[in-house]
Amino acid sequence: MSEIIYDKNNNAHEVTDFNDDVEGARQGMWLFLFTELMLFGGIFITYAVYFFDFTDDFVQASKNMNLWLGGLNTVILLISAGCLAMSVVFMKANKVLESKRFLLATIALAIAFIVVKYFEWSAEFHHGIWPDSPTLRGMSDGANMYFGLYFTLTGLHGLHIILGIVAMFWVLGKVNNGEINAKKFIVLENFALYWDYVHLVWVFVVPLFYMIGLSTGGAH
Amino acid sequence: MDTKEFTEKDFQEQIIMYGKILALLLFLTGVTFLQPLFISQGLEGTLFLQLVLASIKGFLIVAYYMHLKTASDVIKGTVYFTVFILGVLFVIMGIDSNMDDSVLDMFQAVTASH
Amino acid sequence: METLSAVEGFWDNATALTASADHAAYMIHVILVALMMTVLAPMFYFLYKYSAKRHPKEKAENITHNISLELAWTIIPTMLMMVIFYYGYIVIKDNRTMPTDAKHIKVIGKMWSWAYEYPNGKKTDKLYVPQNENIILDMTAPKGDVIHAFWIPAFRQKEDVVPGRMTQLWFNATRLGEYDVECTEYCGDRHSYMLSKVVVLPKDEYYAWINSNSAYPGGPDTSSEPMGKTLLTNNGCISCHSMGDETLVGPGFKGIVGRMVKTANGEMTSDRAYLKDAILDPDKDIVDGFSAGMMPTSAGVLSEEEVNQIIDYLSTNK
Amino acid sequence: MGHHVDETASFYKATHTVFGHHESKFLQWIFTVDHKRIGILYGIVMMIFFVVALGTAGLMRYELMAPGADFFTPAGFNQAFSLHGIIMIFLFIVPGIPAIFGNIIMPLMIGAKDVSFPRLNLLTWWLFLAGASIALYSALSGTGFADTGWTFYAPYSIKTDTNVVLILFAAFLLGMASIFTGLNFVVTIHRLRAPGMGFFKMPLFVWGIYSTAWIQVLATPVVGITLLLAIFERVFGIGIFDPTKGGDPILLQHLFWIYSHPAVYLMILPAFGVISEIVTTFSRREVFGYHAIALSSASIAGIGYLVWGHHLFSSGMSETAKIIFSFLTFFVAIPTGIKFYDWIATMYKGSIVMEAPMLLTVLTIITFAIGGITGVTLAAIGFDNQVHDTYYVVAHFHYVMLGGVVFMLFAGMFYWFPKVTGKMYNKLSANISIWAVFIGINFLWMPMFFAGYLGMPRRYFDYLPEFQIYHQIAGIGAVLVIGSLLMMLWNFIRSAKNGEECGENPWNGTTLEWHLPSPPPLGNFAKTPYVDFRPYEFEKGEPKVKDVYQDTKKETK
């Protein structure tokens with residue numbers, strides 16, 4: 001299929017065809033994740049700076065977090081990533097039906113994540129906490145920064161989940177019409193990379209936003 | 001495409017591997033949320049333990065779920081490079097945050113009335 | 001530097017540090033122009049010598065390496081860079097090492113004027129400083145304002161004025177005279193008019209004035225002048241509002257008390273209550289044709305009593 | 001893609017599109033996935049915006065000919081310089097050389113048939129177009145174009161009531177376009193080099209594009225998040241940069257310059273790549289210090305990340321950080337200097353032909369050297385303390401941007417114009433316009449160095465009367481610069497139609513693109529060449545390896 005050319009000593013060399021370049025697609029995906037990491041990295045740097053400036057306020061503000069919902073979402077996301085990994089393995093083994101089931105499970109869990117997030121944000125809105133709300137403006141500078149970052153980061157993360165759900169339906173379509181199969185599964189594999197990355201961000205959101213409030217610091 | 005055939009044995013191995021990692025991650029998640037209960041510490045301790053836990057989880061995700069362990073050198077290099085650059089940005093911002101309006105700062109130390 | 005003194009007050013002895021700053025600037029440029037010539041001179045020579053006319057293509061030679069040359073043009077510029085770094089370093093070290101025995105004067109930069117407050121509470125719109133004395137400026141902008149930068153070109157001194165933070169700069173003015181102050185951080189419509197002066201006075205004149213009742217050195221005793229007038233001047237109000245009826249950035253002050261104004265919330269009377277809001281919460285009921293965010297709030301800058309004094313004075317300006 | 005397309009016809013005649021084959025020529029262009037066509041599309045859009053921004057600059061110079069208000073209101077002037085900056089930076093200089101020549105020439109140089117992700121490449125152009133359209137729309141609607149300057153410094157960008165959100169969003173889209181371009185190029189250069197072409201057999205322009213692509217991928221996301229935070233700040237009031245809520249406006253400057261400083265290397269590195277190509281070709285000998293030039297590109301990209309703080313020397317940053325940033329900044333000068341010496345050494349014992357591309361390159365070396373050394377003076381904090389935010393800085397970066405990047409973009413257009421169109425530009429007109437623009441740039445910005453040191457701040461609508469003479473000299477320069485740049489553009493437009501046929505290799509270039517017909521066919525190489533030669537092998541002033549394409553073509557027949 002691919003073009004073969006010969007050098008002066010008649011050694012054969014395969015020319016990489018950009019249409020079917022799995023390693024290229026993989027590198028592209030990693031580079032994309034790389035840019036995503038720098039994007040979220042920007043928020044984490046901002047977090048670090050303000051955490052340094054307003055340590056006590058951050059700890060106090062973190063006590064407003066609902067740990068049950070946060071914990072539930074952590075587990076949901078963790079299992080969904082596991083499901084997607086399974087989906088890829090089953091696809092590789094040419095067990096398309098199982099692969100599809102795991103993909104559907106991932107979609108369901110992703111939607112569950114968004115629903116939980118909706119309740120979490122609703123609860124905060126209910127307490128009068130949203131960006132620029134009068135309650136929030138009445139709180140400390142640090143609390144303003146904390147919630148500003150919290151809503152930005154979880155909002156952006158939620159947006160990634162929603163885009164992920166859309167993309168998963170697209171991937172599902174490709175599985176259904178056979179464009180993704182046991183021989184060509186790079187799209188599914190790349191999507192799994194994206195999903196693991198979204199999970200990875202959440203792994204760092206949890207300690208920085210939910211868990212610091214449980215420490216004994218900042219009580220004064 | 002990968003030249004190696006994906007055998008039934010590979011399939012079994014991978015299922016078990018992902019299962020193990022999933023269990024390990026669930027366990028670590030449990031530890032994450034229970035940590036303040038059994039090693040109740042001050043802010044520094046909590047933050048440190050939490051970030052160590054998150055880093056271990058992150059490592060497991062990247063190495064196994066995202067199969068970095070078997071990826072090409074270019075991809076590995078990309079990841080190390082990103083983490084390095086991000087680290088540098090943190091360090092430089094840290095220096096500025098730390099020094100700003102502080103007696104540690106180079107010339108400001110002379111200011112008595114600050 | 002005499003030849004460059006076309007611009008007001010650009011002297012090399014305006015402060016204790018200007019001579020060394022100019023010397024450093026001069027040395028940096030000399031080094032760099034010399035360095036540039038090591039690139040350009042051979043280039044011109046080669047362009048002449050090896051042009052296709054004089055050096056046909058059959059004679060062209062492929063030379064791809066010369067280790068000693070390459071080392072030379074790596075190491076020598078590196079050393080020169082360190083020399084330049086050194087010149088930059090000594091100047092900034094002098095500029096940023098705050099003297100411990102200095103007088104502090106507060107500088108407030110707001111859209112679009114400078115205000116100065118002296119240790120005894122006196123306020124002015126020009127900065128008056130005594131000759132041969134260390135002065136530290138403690139500079140800030142109101143929290144709701146934007147970033148400005150305080151620059152005295154003649155003193156080679158500049159530092160940003162950041163809302164919610166305090167920044168400092170210091171100088172020791174050695175030459176009497178008036179020097180320009182400019183805002184160099186872009187801050188909106190009247191950025192280029194956010195000018196002021198720093199006036200260096202002989203010590204005795206400065207101290208005689210600072211303890212007197214006159215608004216500016218040599219000025220009349222203003223203790224009898226309406227307080228409102230002084231406040232309008234010293235807080236920079238009149239850099240955006242004229243005392244007549246012409247519109248600068250904001251409306252003119254002539255007859256402002258009691259007239260009818262059109263706002264987004266309908267027509268209302270510009271009475272005492274309205275004007276008080278206009279000073280303390282300027283974006284509340286903006287008169288049609290003017291836009292929000294232009295006027296900084298004076299809450300926390302002016303006291304209740306001072307606001308009343310201003311309105312009292314304005315009602316006399318029919 | 002299914003439909004039959006003649007792969008040996010010139011890319012003007014045949015193309016692949018995302019949706020199969022279209023009858024309409026217009027649709028064939030805007031849905032093309034061919035890298036050369038996409039490069040040309042970029043070129044056209046950019047040149048339109050370039051002319052807009054050039055016109056705005058002309059109006060500002062007209063306003064500044066005398067003190068007081070002449071043409072603009074202060075608000076209008078502020079919008080004008082913001083428009084000039086935002087268009088020039090985000091729509092012209094940052095994407096410029098990579099999007100045009102990176103797309104058209106880079107795949108040809110490495111012997112590839114296209115970039116790695118051709119459809120992503122088209123999507124990127126659409127993103128670029130969307131960003132450009134939003135920017136234009138924001139100028140014509142509502143409260144008018146943003147008046148924040150291209151730097152969007154908070155809190156002013158939060159407070160002003162102009163269309164800041166639209167322009168922030170436009171910049172965000174343009175940033176995404178930039179990221180995808182970079183991503184595409186990195187993968188392309190990793191994966192699609194012709195067999196035999198190791199990294200150190202790549203032409204130096206490809207090295208420049210490669211370093212640039214890494215910066216695009218690495219730094220642009222940081223400005224992406226900064227712009228997003230600023231949008232959230234304005235729309236939701238999250239307070240991150242708002243001092244009234246405890247936020248720190250300086251943080252925006254940090255995040256902004258973490259991207260935007262590397263971005264200036266992103267602008268200049270491909271230009272350096274073009275210089276390396278042109279100097280070598282027109283000196284008709286092998287380049288001096290190939291490895292040094294290649295690796296200095298990479299090290300400029302690397303060091304470029306660590307020096308953003310020199311934009312904040314007077315912002316109240318900690319003194320320690322200032323010293324560190326100042327110290328590190330000087331190290332960018334070293335690899336840049338090495339490149340210059342290598343180019344000059346390449347001229348030594350060559351046989352130099354002064355065609356338009358070479359003439360413009362030589363003049364660029366002069367103007368960029370002036371811009372470069374004044375850049376070094378700005379790294380010396382003590383001196384920067386005086387000239388920060390003044391006309392000195394304005395002059396410095398225009399010498400670098402116009403006298404470096406834009407000059408080299410135009411030099412590249414002169415150089416590759418015969419390859420892309422198959423026609424030759426009008427040589428007399430080219431030489432006149434090149435000399436005029438060189439004289440113009442010096443009239444325009446040389447006086448500003450003095451004005452800046454003496455006390456002329458930048459972004460001033462009005463100024464003290466002492467500075468009028470400097471503004472007037474600059475005004476003469478502006479006329480020359482604008483006139484000659486338009487003359488160059490006119491030259492390209494006219495010559496694309498009625499220029500003389502030029503053959504496949506009018507300059508005796510050695511890199512792979514000169515082995516292809518002009519204009520190249522759709523699939524570039526009918527048969528991929530095996531690259532067992534270095535990029536610039538000359539023998540007695542003639543290319544040593546000739547007609548790789550012709551040889552391979554004969555074999556296939």
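Naming: A, B, ... by sequence-line order, numbering from 1 per chain.
With a threshold of 4.5 angstrom between heavy atoms, C:Met139 does not approach chain D through any atom at all. In this structure, no portion of D:Leu312 lies under 4.5 Å from any heavy atom of chain C. Residue contact with chain C, scored on non-hydrogen atoms closer than 4.5 Å, involves the backbone of D:Met456 exclusively. When heavy atoms are compared at a cutoff of 4.5 Å, C:Ile84 approaches chain D by way of both its backbone and its side chain. Only the side chain of D:Asp161 comes within contact range of chain C, with at least one heavy atom under 4.5 Å from a heavy atom of that chain. With a 4.5 Å cut-off on non-hydrogen atoms, C:Glu70 touches chain D through its side chain but not through its backbone. Residue C:Tyr86 does not touch chain D at all, counting heavy-atom pairs closer than 4.5 Å. For chain D, no part of C:Leu69 is nearby; none of its heavy atoms comes within less than 4.5 Å. With a 4.5 angstrom heavy-atom cutoff, D:Gln79 does not touch chain C via any of its atoms. For chain D, the nearby part of C:His65 is the backbone; its heavy atoms alone come within less than 4.5 Å. Both the backbone and the side chain of D:Ala369 have a heavy atom closer than 4.5 Å to some heavy atom of chain C. For C:Ala24, no part lies near chain D; criterion is any non-hydrogen pair under 4.5 Å. For D:Val387, the part lying under 4.5 angstrom from a heavy atom of chain C is the backbone only. Heavy atoms of D:Ala292 lying under 4.5 Å from chain C belong exclusively to its side chain. For D:Glu542, the part lying under 4.5 angstrom from a heavy atom of chain C is the side chain only. When heavy atoms are compared at a cutoff of 4.5 Å, D:Ile370 approaches chain C by way of both its backbone and its side chain. At a 4.5 Å heavy-atom cutoff, the contact between D:Thr148 and chain C is made by backbone atoms alone. Both the backbone and the side chain of D:Thr377 come within contact range of chain C, each with at least one heavy atom under 4.5 Å from a heavy atom of that chain. In this structure, chain C has heavy atoms under 4.5 Å from both the backbone and the side chain of D:Asp342. Proximity to chain D (any heavy atom under 4.5 Å) is shown, for C:Leu169, by neither the backbone nor the side chain. Using a 4.5 Å cut-off between heavy atoms, D:Phe81 touches chain C through its side chain atoms alone. Contacts of C:Thr167 with chain D are made by side-chain atoms alone, with heavy-atom separations under 4.5 Å and no backbone atom involved. With a 4.5 angstrom heavy-atom cutoff, C:Pro42 touches chain D via backbone and side-chain atoms both. Both the backbone and the side chain of D:Arg284 come within contact range of chain C, judged by heavy atoms closer than 4.5 Å.
Side-chain contact check for D:Arg458 versus C:Thr184: every heavy-atom pair is 4.5 Å or farther apart. The side-chain heavy atoms of C:Asp22 and D:Tyr453, taken from C-beta on, include a pair separated by under 4.5 Å. Taking 4.5 Å as the limit, every side-chain heavy atom of C:Phe46 sits out of range of all side-chain heavy atoms of D:Lys349. A 4.5 Å side-chain heavy-atom check between D:Pro155 and C:Ile147 finds at least one atom pair inside the cut-off. Looking at heavy atoms from C-beta onward, D:Asp147 lies in side-chain contact with C:Asp189 at the 4.5 angstrom threshold. In this structure, the side chains of D:Gln386 and C:Val91 stay at 4.5 Å or more apart for every pair of heavy atoms.
Between the OH atom of D:Tyr463 and the OG atom of C:Ser192 there is a distance of 11.5 Å, given to the nearest 0.5 Å. Expressed to the nearest 0.5 Å, how far CZ of C:Arg96 lies from OG of D:Ser318 amounts to 11.0 Å. Distance check, rounded to the nearest 0.5 Å: OG1 of C:Thr78 to CZ of D:Phe330 gives 12.0 Å.
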| task | Go through the steps to decide whether C:Lys158 and D:Thr390 satisfy the test side chain to side chain contact (heavy atoms under 4.5 Å, CB included), and finish with yes or no. | result | CA-CA 11 Å; C:Lys158 177 186 298 125; D:Thr390 67; 4.1 Å; yes
| message | Go through it in stages, so that I can follow the logic: the residues are C:Tyr193 and D:Asp462, the test is side chain to side chain contact (heavy atoms under 4.5 Å, CB included), and I'd like the CA-CA distance, side-chain angles, deciding distance and then a yes or no. | response | CA-CA 7 Å; C:Tyr193 298 107; D:Asp462 198 354; 2.7 Å; yes
| Derivation of the side chain to side chain contact (heavy atoms under 4.5 Å, CB included) call for D:Asp248 and C:Arg165 | CA-CA 9 Å; D:Asp248 180 3; C:Arg165 276 196 184 192; 3.0 Å; yes
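Only one option out of D:Ile323, D:Thr329, D:Val376 pairs with C:Phe85 in a side-chain contact (heavy atoms from CB on, under 4.5 Å); it is D:Ile323.
Side chain of C:Lys93 to main chain of D:Gly382: no donor-acceptor pair is present (N/O by atom type, distance under 3.5 Å, no hydrogens or angles).
Annotation: C:Trp112 is not in aromatic contact with D:Phe461 [ring centroid separation under 6.0 Å not met]. D:Tyr156 has its ring centre less than 6.0 Å from the ring centre of C:Tyr186.
Taking the charged nitrogens against the carboxylate oxygens, C:Glu61 and D:Arg285 have no contact shorter than 4.0 Å, which rules out a salt bridge.
Highest contact tally toward chain C, considering only D:Gly350, D:Ala154, D:Ala75, D:Gly372, is held by D:Gly350 [criterion: heavy-atom pairs under 4.5 Å]. Of the listed residues (D:Ser326, D:Gly149, D:Gly246), the greatest number of heavy-atom pairs within a distance under 4.5 Å of chain C belongs to D:Ser326. Each of C:Ile28, C:Asp94, C:Val39 has some count of heavy-atom pairs under 4.5 Å with chain D, and the biggest count is that of C:Val39.
Checked by atom type, the side-chain pair D:Tyr536/C:Asn62 shows no donor-acceptor distance below 3.5 Å.
Between C:Trp73 and D:Tyr341, the ring planes lie parallel to each other; the angle is under 30°, not in the 30° to 60° tilted range.
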